[in-house]
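Inspection log for the structure reproduced underneath, given as structure tokens.
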Amino acid sequence: MKRIFSVLLVVFLLVIYVLPMSATVATPFDASVAMAQAATAAAVGVDTPGAAVVLVRNGAVLMADGFGYADLSSRVLVTADTVFEIGELSGLLAAVAALTLVDSGKLSLDADIATYLPAEFMTKLALSHPVTLGQLLSGHAGFGGRIFDVSFDKESHTFETLEEALLADVPEQIMMPGTAYSYSTFGIALAAFVVEQVAGVEYGAYLKDHVLAPLGMKDTVPAFSAEADLGAYATGYTKAAEGSFMAPQNGGRSFAGLYPATGALSCAADLSRLLAWLVSDSEMLMQASTKDLLFTTYYSGIFASGALGLSKQGTAYTCHAKTACFGASLCIDTEKREAALVLTNAPQSTLLDFPLTVLEPGAPALTLPVGEMVELKALRGTYAAATSEQHTFVGQFFTMQENITAAVNEDGTLSFLDMRLTQIAPGVFADAAGDTNMPVLQFLLDGEGEVTAVVTADGACYYKLPFYYARVPATFLFGVLLLLAAGFALMGLFGLLEWLGEKNKDGERASIWFVLPGLLAALLGILVGVQVLAAYKTGAAMLSSFYFAMRVLALLVGIGATVSYVVAFVSSVLDRKQHKRIAYSAILYLVFVFLICFFNLTVI
């Protein structure tokens with residue numbers, strides 16, 4: 001009996017001891033927070049020194065925390081108030097600012113921007129097709145890339161005004177507006193300029209007074225400024241090796257030329273307030289119906305591709321941003337009323353995949369077109385990413401190296417983007433080596449059957465290039481340009497030496513007009529060589545002012561060489577001296593000038 005009583009007493013004591021432990025273990029713990037902690041533990045110290053993570057649900061902030069180091073040398077830790085560069089996330093702020101004016105009736109997303117901008121500015125802008133504010137903010141304005149003056153490593157290189165920044169280099173409209181999504185920093189910055197003109201104040205001031213201050217975003221600015229009173233800045237790094245990082249001399253800071261699109265800085269605490277407002281019913285800044293416009297879906301063919309300041313990925317809205325030494329990634333699911341954000345002080349961290357992973361957006365619903373299949377031979381050719389540009393030599397130089405070929409295979413498939421594609425609907429293709437019921441890209445055609453764009457399921461866009469951009473003709477033309485540049489440089493030198501050494505029986509030299517064309521053509525060849533070398537070594541990292549100066553010099557020297565060739569040719573005909581020699585040289589010079597103009601190596 002005593003033994004039974006002893007056993008029951010032990011069991012009773014164990015139950016009393018274990019129950020509190022079980023209750024503690026079973027305390028609800030949000031799975032998303034646990035995933036965030038696991039993801040940061042795997043990435044921080046491996047591919048980024050530090051990070052900040054934000055999780056929001058139904059207007060409530062679940063998490064806004066910092067991990068790792070904001071600065072490795074001083075061992076300063078990342079907190080929710082640590083300021084990071086947020087790159088293309090800046091465009092979301094521009095979209096919200098524009099919607100505040102839409103809410104007050106001062107702006108319309110569907111109106112031509114010429115309605116709001118000065119006539120003189122529109123003349124300088126010289127758009128091929130009219131665009132709306134909605135198309136600018138959603139990446140559907142048809143702009144190609146702008147590779148110059150997008151980012152600087154010194155604040156002194158930036159522009160004084162947004163207008164000056166925009167007009168410094170206006171990209172071409174390579175597609176009709178509304179055709180397809182192609183993110184454009186120029187388009188976002190132009191939308192911010194519309195805000196600036198309608199509001200009557202500088203964009204940064206308007207953003208602060210009508211968006212940042214009402215939301216309590218005290219440590220957010222549209223562009224870096226030494227005078228800004230912000231919290232502690234994170235130092236930006238690049239990955240040197242696994243777990244090893246390198247910081248540039250300027251602390252990894254970059255300065256955006258088109259700052260409303262890529263130049264903002266913010267912190268987890270501030271951005272958690274913005275995201276909480278976005279997924280809530282709050283009408284603090286605008287009516288709920290106006291806020292819903294932010295998530296208007298714009299399509300590229302069958303694919304839902306963009307929204308205002310955001311991309312569309314499945315059922316979620318996303319933004320993936322990178323500057324020289326920082327990364328940012330955002331995912332918003334309006335159906336679940338959830339948002340996730342990651343900020344890193346290294347641009348290539350795997351942690352930037354976390355927002356999409358934790359929210360798990362659903363697959364988009366696609367409606368395939370019906371009708372006759374497109375003939376594959378109509379799709380053959382050379383293509384380039386819509387973010388590339390061809391109106392400068394540097395842009396052409398890199399496009400020629402990175403272009404993509406679409407070719408028809410013997411088995412009736414199409415080779416494009418390193419995939420073998422099979423057509424499953426008119427112009428719509430699936431990966432022949434994968435799920436043939438899942439579209440991966442679509443060729444968009446105009447009424448005459450010409451390709452206007454190629455769009456992919458992940459939001460990339462490509463457009464067709466003229467035949468001479470194909471690798472063989474482009475390489476040939478570029479090779480001829482280099483040969484002529486080198487040839488004229490050498491001929492000019494030898495011509496000068498010959499002229500200095502030759503004298504007639506009276507001790508007189510030939511007229512200077514017979515040697516001047518060669519000297520000027522040689523100088524032109526040297527200017528071409530300098531531009532080619534600069535493009536090869538530094539590309540778009542060189543200030544556009546350098547290339548502009550070289551192009552102006554090339555124009556002046558080219559005009560001088562052309563005039564001197566005409567004078568020399570006429571003189572040789574009249575004096576019957578060196579007629580054939582100058583004629584042959586002039587023909588080569590004309591070919592050289594044509595190639596210089598073709599490759600945009602001079603101002604024309």
Side-chain angles (χ1 to χ4, degrees), residues 83 85-86 88-125 131-137 141 149 155-156 158-168 170 184-230 255-266 270-271 273-274 277-278 283-287 290-291 293-294 308-309:
V83 175
E85 291 181 2
I86 63 171
E88 287 83 355
L89 263 177
S90 311
L92 177 58
L93 298 176
V96 174
L99 285 183
T100 62
L101 290 171
V102 171
D103 192 64
S104 63
K106 297 178 180 179
L107 267 181
S108 170
L109 293 175
D110 300 320
D112 185 342
I113 60 170
T115 307
Y116 308 109
L117 297 178
E120 183 180 356
F121 176 83
M122 290 301 301
T123 300
K124 294 178 181 178
L125 204 60
V131 297
T132 67
L133 181 65
Q135 289 169 338
L136 290 177
L137 290 169
D149 299 340
E155 187 177 5
S156 59
T158 57
F159 301 98
E160 291 186 8
T161 65
L162 183 51
E163 179 177 4
E164 182 185 350
L166 289 166
L167 295 178
V170 179
S184 170
T185 56
F186 182 85
I188 296 289
L190 183 55
F193 186 64
V194 173
V195 170
E196 186 171 288
Q197 293 299 301
V198 173
V201 296
E202 188 265 333
Y203 167 72
Y206 183 84
L207 180 70
K208 179 180 178 181
D209 292 341
H210 294 81
V211 178
L212 304 180
L215 289 175
M217 299 173 67
K218 60 182 179 61
D219 286 328
T220 301
V221 290
F224 176 81
S225 172
E227 293 79 28
D229 182 20
L230 301 178
F255 304 93
L258 299 170
Y259 73 90
T262 59
L265 296 93
S266 190
D270 278 10
L271 291 172
R273 296 181 180 96
L274 174 65
W277 172 77
L278 285 173
E283 296 190 349
M284 181 184 300
L285 301 181
M286 62 192 69
Q287 300 176 70
T290 306
K291 184 164 56 173
L293 295 175
L294 189 70
L308 302 187

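Since this is a predicted model, take the numbers as computed values, not measurements. Heavy-atom basis, side chains included; hydrogens, waters and symmetry copies ignored.
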- Checking Asp103 side chain against Thr290 main chain: does a donor-acceptor pair fall under 3.5 Å? no
- Task: In sequence, state the C-alpha distance, the side-chain angles, and the governing distance for Val102 and Leu99, and then conclude on side-chain contact (heavy atoms from CB on, under 4.5 Å).
- Result: CA-CA 5 Å; Val102 171; Leu99 285 183; 4.2 Å; yes
- Note on the structure: Closest non-hydrogen atoms of Leu137 and Ala191, given as atom of the first, atom of the second and distance, are CD2-CB, 3.6 Å
- Item | Heavy-atom pair of closest approach, residues Ala264 and Ser90 | N-OG, 2.9 Å
- Message: What's the separation between atom CD1 in Ile188 and atom OG1 in Thr262, rounded to the nearest 0.5 Å?
- Response: 10.5 Å
- Item | For the student: nearest non-hydrogen atoms of Val211 and Ala97, plus distance | CG2-CA, 3.9 Å
- Task: Using the side-chain contact (heavy atoms from CB on, under 4.5 Å) rule, take Leu117 and Leu190 through it: C-alpha gap first, then chi angles, then the decisive distance, then the call.
- Result: CA-CA 10 Å; Leu117 297 178; Leu190 183 55; 4.2 Å; yes
- Kindly say whether Trp277 contributes a backbone atom to a donor-acceptor pair with the side chain of Lys291 at under 3.5 angstrom? yes
- Task: State which residue, out of Thr115, Thr100, Ile113, Val198, fulfils the side-chain contact (heavy atoms from CB on, under 4.5 Å) condition with Leu107.
- Result: Val198
- In this structure, CD1 of Ile86 is separated from CG of Leu92 (nearest 0.5 Å) by 8.0 Å
- Message: Whether the side chain of Tyr116 engages the backbone of Ser108 through a donor-acceptor N/O pair (distance < 3.5 Å, no angle test) should be reported.
- Response: yes
- Task: Quick one: pull up CD in Gln135 and CG in Leu109 and give me the separation to the nearest 0.5 Å.
- Result: 10.5 Å
- Message: Donor-acceptor check, side chain of Asp149 to backbone of Gly257, threshold 3.5 angstrom: yes or no?
- Response: no
- Query: For the atom pair CG (Leu207) and CD (Glu202), what is the distance rounded to the nearest 0.5 Å?
  - Reply: 9.0 Å
- Query: What's the shortest heavy-atom distance between Gly204 and Pro222, and which atoms?
  - Reply: CA-CG, 3.7 Å
- Note on the structure: The side-chain contact (heavy atoms from CB on, under 4.5 Å) partner of Phe193 among Leu125, Leu166, Leu258 is Leu166
- Query: With side chains defined as the heavy atoms from C-beta onward, is the minimum distance between Leu93 and Thr220 less than 4.5 Å?
  - Reply: yes
- Inter-residue atom distance Leu89.CG - Leu265.CG, 0.5 Å rounding: 11.5 Å
- Query: For the atom pair CE (Met286) and CG (Leu293), what is the distance rounded to the nearest 0.5 Å?
  - Reply: 9.0 Å
- Note on the structure: All heavy atoms of Ala141 vs all of Leu136, minimum pair found to be CB-CD2, 3.9 Å
- Criterion side-chain contact (heavy atoms from CB on, under 4.5 Å) on Val221 and Lys208, from CA distance to verdict: CA-CA 8 Å; Val221 290; Lys208 179 180 178 181; over 6 Å; no
- Query: Would Val194 and Leu101 satisfy side-chain contact (heavy atoms from CB on, under 4.5 Å), going step by step from the backbone distance to the final call?
  - Reply: CA-CA 10 Å; Val194 173; Leu101 290 171; over 6 Å; no
- Item | Ser266 versus Leu271, closest heavy-atom pair with distance | OG-CG, 3.4 Å
